[in-house]
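In what follows, a structure is listed as structure tokens, so that the remarks can point back to it.
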Amino acid sequence: MIFTICRQVYKQWREGTSKGVSKWLYLGQMGTSAGFTTYSALLGNPIFVVTNATLFVTALVGFGIYLHHRRRDARAAT
């Protein structure tokens, strides 16, 4: 999963566009990762805490790039 999200974020950044990418991809991933990070912490499993926290940060970066592209495109349209 982490490689899939990283690849999508890198592709958006490299191509300079978020066309065809849904904000729900990142919002859903952030929600899921936050939940699993919390659950993993409650279980005392540091491997999954780090993995899920990394997924959360990657999704957060992807969402930031998505918002940046959206704002840029909106400014260019006016």
Side-chain angles (χ1 to χ4, degrees):
M1 184 65 164
I2 197 163
F3 296 114
T4 305
I5 296 292
C6 286
R7 177 74 178 145
Q8 180 61 49
V9 170
Y10 177 72
K11 182 180 178 189
Q12 277 179 259
W13 175 74
R14 187 186 72 223
E15 293 179 0
T17 184
S18 294
K19 188 170 185 158
V21 177
S22 171
K23 68 180 174 185
W24 297 108
L25 167 74
Y26 295 117
L27 293 174
Q29 184 62 52
M30 285 189 287
T32 301
S33 295
F36 278 120
T37 300
T38 303
Y39 180 68
S40 298
L42 291 172
L43 291 177
N45 190 327
I47 301 285
F48 283 110
V49 169
V50 170
T51 301
N52 286 303
T54 302
L55 279 166
F56 180 85
V57 170
T58 304
L60 187 63
V61 169
F63 188 63
I65 292 170
Y66 170 86
L67 290 176
H68 169 74
H69 289 158
R70 195 168 136 200
R71 288 182 190 130
R72 183 197 61 203
D73 294 346
R75 280 192 303 254
T78 58

Could you tell me the separation between the [atom1] atom of [X] and the [atom2] atom of [Y], rounded to the nearest 0.5 Å?
{"X": "Trp24", "Y": "Met30", "atom1": "CH2", "atom2": "CE", "result": "10.0 Å"}
{"X": "Gln29", "Y": "Leu60", "atom1": "CD", "atom2": "CG", "result": "11.5 Å"}
{"X": "Thr4", "Y": "Leu25", "atom1": "OG1", "atom2": "CG", "result": "10.0 Å"}
{"X": "Phe36", "Y": "Leu43", "atom1": "CZ", "atom2": "CG", "result": "11.0 Å"}
{"X": "Tyr26", "Y": "Leu67", "atom1": "OH", "atom2": "CG", "result": "11.0 Å"}
{"X": "Ile65", "Y": "Glu15", "atom1": "CD1", "atom2": "CD", "result": "12.0 Å"}

Connected via hydrophobic side-chain network under 4.5 Å: [X] and [Y]:
{"X": "Tyr39", "Y": "Val57", "value": "no"}
{"X": "Val50", "Y": "Leu42", "value": "no"}
{"X": "Val61", "Y": "Ile5", "value": "yes"}

More than 12 heavy atoms of other groups within 6.0 Å of Arg70 CZ
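Counting neighbours around CZ of Arg70, 12 or fewer heavy atoms of other residues, nucleotides or ligands fall under 6.0 Å, so no.
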
A quick test of your reading: do over 12 heavy atoms of other residues, nucleotides or ligands sit less than 6.0 Å from CD1 of Ile47?
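No, not enclosed.
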
Heavy-atom closest contact ([X] atom, [Y] atom, distance):
{"X": "Phe48", "Y": "Ser40", "value": "CB-OG, 3.3 Å"}
{"X": "Cys6", "Y": "Thr58", "value": "SG-CG2, 3.8 Å"}
{"X": "Ser33", "Y": "Leu55", "value": "OG-CB, 3.4 Å"}

Please list, chain by chain and in numerical order, all residues satisfying side chain to side chain donor-acceptor pair (under 3.5 Å) with Ser18, sequence neighbours excluded.
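Ser18 satisfies side chain to side chain donor-acceptor pair (under 3.5 Å) with Gln12, His69 once adjacent residues are dropped.
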
